[in-house]
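First the structure, in the form of structure tokens, and then the observations on it.
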Amino acid sequence: MTAPRVRIAPSPTGPLHIGTARTALFNYLYARHTGGTFILRLEDTDQARSSIAYEKDILDGLHWLGLRWDEGPEVAGEGARGPHAPYRQMERLPSYAEAAARLLAADMAYPCFCTPEELDADRKAKEAAKLPPRYVGRCATLTVEERAARESEGRRGALRFRVGTGVVGFDDIVRGHVEFDVSNLGGDFAIVRADGTPLYHFTVVVDDATMQMTHVIRGEDHLSNTPKHILLFQALGYPVPQFAHLPLILNPDRTKMSKRKSQTAISDYIAQGFIREALVNYLALLGWATGTEEEVLSIDEIVERFKLETVHKGGAVFDRERLEWLNGQWIRRLDPDDLVDRLRPFVEAELAAGRIDWMPSDDELRGLLPIVGERLPTLGAIGDLVGFLWVKDVALDPVTLVPKRWDTTTTRDGLAAAREAIVAVGEVSFEADELEPPLRALAEARGWKAGDLFMAIRVAVTGRTATPPLFDTLVALGRDRVLARLDRALEVLAGA
RNA sequence: GCCCCCAUCGUCUAGAGGCCUAGGACGCCACCCUUUCAAGGUGGAGAUCAGGGGUUCGAAUCCCCUUGGGGGUACCA
């Protein structure tokens with residue numbers, strides 16, 4: 001058997017969608033597992049909706065996920081590659097024109113001069129009669145003279161493919177045998193617009209054939225389109241590839257995942273601090289499982305285990321909580337320098353947003369990792385977690401400053417005493433191990449619960465009730481700022 | 001409407017006739033750890049395997065029907 005050739009063929013009519021990324025991933029996994037070739041092709045024939053900005057978002061996103069294509073357009077400084085260039089359909093027009101001419105010459109397709117208004121009226125009539133929509137065939141039997149007459153009027157026809165009669169069946173790798181009666185396809189369908197640009201069902205077949213795809217792995221939403229494609233492959237004299245229709249990713253209400261109901265743009269997940277390892281891991285486990293109890297897997301481990309035959313048939317609801325859990329798992333697995341590199345842009349974003357006043361150094365960030373790593377569900381949580389380290393002053397209010405079991409007087413008392421204890425520790429011993437004993441001793445001496453004292457200090461120096469461990473936090477802040485913030489807290493309390 | 005696909009805890013899933021009094025994970029709830037928050041550990045609640053018929057000594061697993069859900073039905077992709 002020859003090595004598989006598979007592809008992802010996104011349409012640049014929107015930012016990279018979770019579903020597209022998942023389909024791309026499964027194609028990639030299959031190619032890598034089988035030693036096949038993974039191809040990327042841009043289906044940009046919908047000129048009205050396609051844009052170069054979306055194209056860039058898609059290419060960059062797939063590249064970011066680590067899904068390197070063996071053949072396809074340029075990305076991130078890497079050139080286009082592969083023997084079947086170009087990889088944008090609008091640059092492959094001659095190839096479709098040639099195929100269209102062949103179908104026309106063989107009378108397997110014909111020009112259709114129906115106007116959008118006529119077609120619309122037909123559709124409404126069918127609907128009113130409670131019949132399935134279907135092209136009525138008005139132009140199917142036009143004589144050569146009639147066609148010539150219309151063309152001489154300056155009318156340009158769309159090209160319709162003759163669907164004929166019969167049954168089309170195929171063996172889908174994930175769904176098994178599927179059959180469609182051609183009479184349910186909606187009549188002869190258009191393959192080229194009146195303006196001469198080719199339509200999806202046509203380009204996808206011409207390209208999959210000329211790029212020698214062996215397997216077409218795509219979303220289930222294309223299952224009902226498959227008979228049209230098979231008819232076209234056959235009419236054009238091309239071998240029919242194998243199909244594998246993946247289950248859809250669903251909104252919580254179990255409809256096809258959509259931007260209206262879910263967050264679908266990969267770029268949004270990236271911006272929130274999800275990392276590629278987690279996204280890939282999560283997406284691979286939507287509609288597929290190893291069959292073992294392994295859950296946290298690298299892309300290479302997934303490649304090793306992946307089988308198209310064990311892909312699910314039923315749709316899978318996208319569960320963001322599970323993604324976040326996996327994200328945390330992967331963040332904790334990253335090596336420190338790598339994590340610092342990935343964290344930096346998120347700290348910069350905090351600065352740009354004015355939520356912090358200066359940028360920490362890489363060394364400072366790396367030093368924070370032990371207390372910060374296990375507290376990050378996403379990289380974007382960094383500012384919320386320890387942003388208080390990089391601001392001139394924290395916002396303090398007299399209510400949160402007072403621990404639950406304490407009153408204002410006790411709090412002032414406690415903070416003042418804590419300040420003295422911290423001063424007594426001295427500058428050179430300002431370390432977590434040195435700070436803890438005296439503060440515990442202080443609490444005990446005064447009959448306070450250590451937790452209450454610690455909470456008072458925590459809020460005073462960070463402005464928050466939830467932070468990384470207190471003594472590490474004090475050290476990260478530095479002696480001077482700790483004392484200054486304690487003083488400020490005392491002032492705020494004095495005013496209360 | 002018509003065509004096609006699908007159906008195991010709330011969610012992602014294991015399960016390919018006996019190993020299932022249905023396993024794991026997320027989430028949830030307790031407890032442990034603990035200065036808060038996390039992380040981690042332990043335990044728990046949670047699925048009459050959509051329902052009904054078959055086939056079989058035996059069915060979550062095979063077949064049929066019903067129900068429910070989804071997708072498609074464009075001169076979009």
Side-chain angles (χ1 to χ4, degrees), chain A residues 9-14 43-46 48-50 112 114-116 119-120 123 126-127 129-135 157-160 172 175-176 178-181 183-186 189-195 197-201 203-204 219-227 245 247-248 250 252-256 282 285-296 310 312-326 328 332 371-377 385 403 436 439-440 443 449-455 457-459 462 464-471 473:
Chain A
S11 195
T13 53
E43 308 214 322
D44 55 355
T45 56
D46 186 346
R49 292 197 298 149
S50 294
C112 170
C114 296
T115 62
L119 261 12
D120 203 47
R123 194 164 17 246
K126 291 283 184 195
E127 200 176 315
K130 292 204 178 296
L131 289 169
R134 133 183 290 270
Y135 175 59
L159 194 64
R160 266 181 205 281
D172 191 281
R175 269 146 230 285
V178 183
E179 275 186 359
F180 290 83
D181 191 315
S183 66
N184 290 317
L185 259 31
F189 59 91
I191 56 176
V192 180
R193 293 184 180 85
D195 70 4
T197 56
L199 263 347
Y200 167 72
H201 294 309
T203 57
V204 73
E220 190 193 340
D221 45 351
H222 284 297
L223 189 60
S224 332
N225 293 148
T226 305
H245 288 92
L248 260 22
L250 276 20
D253 64 3
R254 307 204 71 93
T255 54
K256 181 163 81 165
Y282 179 71
L285 261 21
L286 267 192
W288 178 78
T290 59
T292 69
E293 283 176 4
E294 305 168 296
E295 313 243 25
V296 184
T310 56
H312 269 55
K313 296 182 175 78
V317 173
F318 189 88
D319 180 4
R320 189 190 166 95
E321 306 243 41
R322 194 171 153 82
L323 205 213
E324 284 193 10
W325 169 75
L326 263 177
R332 276 166 241 135
I371 60 169
V372 131
E374 68 203 27
R375 274 166 255 265
L376 288 174
L385 223 204
E436 184 167 352
L439 287 166
R440 273 190 194 285
K449 294 195 72 170
D452 291 334
L453 207 219
F454 295 171
M455 181 54 83
I457 301 171
R458 168 177 297 112
V459 177
T462 68
R464 341 190 33 124
T465 54
T467 70
L470 181 62
F471 306 106
T473 301

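So that the names make sense, note that chain A is the first sequence line, chain B the second, and so on, each numbered from 1.
- Distance CH2 (A/W288) to P (B/A25): 18 Å, rounded to an integer number of Å.
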inquiry  = Set out, in order, the CA-CA distance, both residues' side-chain angles and the distance that settles salt bridge (charged side-chain N to carboxylate O under 4.0 Å, His left out) for A/E127 and A/R123, then state yes or no.
reply    = CA-CA 6 Å; A/E127 200 176 315; A/R123 194 164 17 246; over 6 Å; no
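- With hydrogens and angles left out, the side chain of A/R123 and the base of B/A74 share no donor-acceptor pair within 3.5 Å.
- Mapped onto RNA chain B by nearest heavy atom, A/P468 and A/P247 fall at different nucleotides, with A/P247 at the one closer to the 5' end.
- Considering only side-chain N and O atoms, A/R332 lies under 4.0 angstrom from the phosphate OP1 or OP2 of B/G40.
- At a cut-off of 3.5 angstrom, the base of B/A77 holds at least one donor-acceptor pair with the side chain of A/N225.
- Of the candidate nucleotides B/C4, B/A77, B/G24, B/C4 has the atom nearest to the side chain of A/F180.
- Residue contacts shown for A/G186 are absent, as no nucleic acid heavy atom lies under 4.0 Å away.
- Put simply, the side chain of A/R375 never gets that close to the backbone of A/P468: no donor and acceptor are under 3.5 Å apart.
- Distance from the side chain of A/P132 is smallest for B/C2 among the nucleotides B/C75, B/G24, B/C2.
- Of all nucleotides listed (B/C12, B/C4, B/C76), B/C12 comes nearest to the side chain of A/A316.
- Residue A/R254 places no side-chain N or O under 4.0 Å from the OP1 or OP2 atom of B/G71.
- Regarding contacts with the backbone of B/A77, a side-chain N or O of A/R193 is found under 4.0 angstrom from either OP1 or OP2.
- Distances shorter than 4.0 Å separate some side-chain N or O of A/R160 from OP1 or OP2 on B/C75.
- No contact: A/E127 has no heavy atom under 4.0 Å from any strand.
- Atom CG of residue A/L248 and atom CZ of residue A/R254 lie 11.0 Å apart, to the nearest 0.5 angstrom.
- Candidate nucleotides B/G1, B/C5, B/C76 were compared by shortest atom distance to the side chain of A/P133, and B/G1 ranks first.
- Across all strands, A/A466 comes closer than 4.0 Å to base atoms (heavy-atom distances).
- Using a cutoff of 4.0 Å between basic side-chain nitrogens and carboxylate oxygens, A/K256 and A/E220 are not scored as salt-bridged.
- A/A289 comes within 4.0 angstrom of the backbone, heavy atoms only, and of no base.
- The NE2-C1' distance, from A/H222 to B/A74, rounds to 14 Å in whole Å.
- At distances below 3.5 Å, not a single donor-acceptor pair connects side-chain atoms of A/T197 with backbone N or O atoms of A/R193.
- As judged by a 4.0 angstrom heavy-atom cut-off over every strand, A/T197 is placed among residues making no nucleic acid contact.
- Along RNA chain B, the nucleotide nearest to A/T310 and the one nearest to A/D195 differ in position, and the one closer to the 5' end is contacted by A/T310.
- Remark: B/U73 base-pairs with B/G1; criterion is Watson-Crick or G-U wobble with both hydrogen-bond distances under 3.5 Å.
- Atom CZ of A/F318 and atom P of B/G27 are 15 Å apart (whole Å).
- Listed candidates were B/C5, B/A77, B/U35. Nearest to the side chain of A/L470 is B/U35.
- Contact record, A/A450 with A/R440: CB-NH1, 3.7 Å, taken as the closest heavy-atom pair.
- Picking from B/A25, B/A77, B/A74 the nucleotide with the shortest atom distance to the side chain of A/W325 gives B/A25.
- Between A/H312 and B/A14, a side-chain N or O to OP1/OP2 separation shorter than 4.0 Å is present.
- Nearest nucleotide to the A/E321 side chain, out of B/U35, B/G27, B/C75: B/G27.
- Judged by atom type and distance alone, A/R322 does not reach the base of B/U11 through any side-chain donor-acceptor pair under 3.5 Å.
- Of the listed nucleotides (B/C3, B/C6, B/U36), B/C6 has the atom at the smallest distance from the side chain of A/K313.
- Side-chain proximity of A/E293 to B/G24, B/U36, B/C5: nearest is B/G24.
- Residue-level contact check: A/S224 touches the bases, meaning some heavy atom is under 4.0 Å from a base atom.
- When rounded to the nearest whole Å, the span between OH of A/Y282 and C1' of B/G27 equals 12 Å.
- Put simply, the side chain of A/T255 and the base of B/G70 share no donor and acceptor less than 3.5 Å apart.
- Contacts of A/P227 with the nucleic acid, taken as non-hydrogen atoms under 4.0 Å apart, are absent.
- Base contact: A/R458 has a heavy atom under 4.0 Å from a base atom.
- Spacing between B/A60 and B/C19 at atom P, rounded to whole Å, works out to 9 Å.
- For A/R49 against B/C76, a side-chain N or O and a base N or O form a donor-acceptor pair under 3.5 Å.
- Formation of a donor-acceptor pair under 3.5 Å by the A/D44 side chain with backbone atoms of A/P12 is not found in this model.
- Between A/Y282 and A/V317, the closest heavy-atom pair is OH-O, 4.0 Å.
- A/D46 has its CG atom 13 Å from the P atom of B/C75, to the nearest Å.
- Rounded to a whole Å, the CG atom of A/N184 is 15 Å from the C1' atom of B/G71.
- When each of B/A77, B/C26, B/U35 is scored by its nearest atom to the side-chain atoms of A/H201, the top-ranked nucleotide is B/A77.
- Rounded to an integer number of Å, the gap from A/E295 CD to B/U13 C1' is 8 Å.
- For A/L119 and B/U73, the CG to C1' distance is 14 Å, given to the nearest whole Å.
- Listed pair A/R464 / B/C37 fails the phosphate criterion, with no side-chain N or O lying under 4.0 Å from OP1 or OP2.
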